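The structure appears below as structure tokens.
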Amino acid sequence: MTFAEIIKNIRVQKNFTQEQFARELNVSFSTISRWENNHAVPSELAKMRLLEYCKRNFINCDDLQEMTRY
């Protein structure tokens with residue numbers, strides 16, 4: 001699964017728009033859009049924050065965890 005697919009999957013699970021999801025992660029709407037459309041990849045810090053978000057919200061994040069270095 002690509003990072004773009006993972007991001008969209010997480011957002012859809014929470015039933016958020018890109019704008020709502022951006023607010024949840026404290027990033028811009030355009031950042032979410034670029035991630036989902038494979039126009040940009042997040043930094044390792046952003047991936048870790050997303051992973052923490054998933055864990056706090058009980059979202060399966062196995063695919064994301066594989067992409068994130070600890």
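Note: hydrogens, waters and symmetry copies are ignored here, and every other heavy atom, side chains too, is used. Fair warning: this is a prediction, and the values are worked out from it, not measured in the lab. For this chain, numbers begin at 1 and follow the sequence in order.
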Donor-acceptor contact below 3.5 Å, side chain [X] vs main chain [Y]:
{"X": "R11", "Y": "F16", "result": "yes"}
{"X": "N9", "Y": "E5", "result": "no"}
{"X": "Q20", "Y": "T17", "result": "yes"}

Q) With no hydrogens and no angle check, do the side chains of S28 and T31 hold a donor and an acceptor under 3.5 Å apart? A) yes
Q.
When you compare the side chain of V41 with that of W35, does any pair of heavy atoms fall below 4.5 Å?
A. no
Q) Is the closest side-chain heavy-atom distance between F21 and N15 below 4.5 Å? A)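 No, every pair of side-chain atoms sits at 4.5 Å or beyond.
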Q. Of the non-hydrogen atoms in A4 and E36, which two are nearest, and what is the gap between them?
A.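 Scanning both residues completely, I find the closest heavy atoms to be CB-O, 3.3 Å.
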Q.
Please determine whether residues F29 and Y53 belong to a single hydrophobic cluster, defined as Ile, Leu, Val, Met, Phe, Trp and Tyr linked transitively by side-chain heavy-atom distances below 4.5 Å.
A.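 Result: no, two separate clusters.
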[atom1] of [X] to [atom2] of [Y]: how many Å apart, nearest 0.5 Å?
{"X": "C54", "Y": "K14", "atom1": "SG", "atom2": "NZ", "result": "9.5 Å"}
{"X": "I32", "Y": "N37", "atom1": "CD1", "atom2": "CG", "result": "11.0 Å"}
{"X": "F58", "Y": "R56", "atom1": "CZ", "atom2": "CZ", "result": "11.0 Å"}
{"X": "S43", "Y": "M48", "atom1": "OG", "atom2": "CE", "result": "10.0 Å"}
{"X": "I10", "Y": "E24", "atom1": "CD1", "atom2": "CD", "result": "12.5 Å"}
{"X": "I7", "Y": "R34", "atom1": "CD1", "atom2": "CZ", "result": "12.5 Å"}

Q: Could you tell me whether K55 and E52 have a side-chain N and a carboxylate O separated by less than 4.0 Å?
A: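 No, no charged N to carboxylate O under 4.0 Å.
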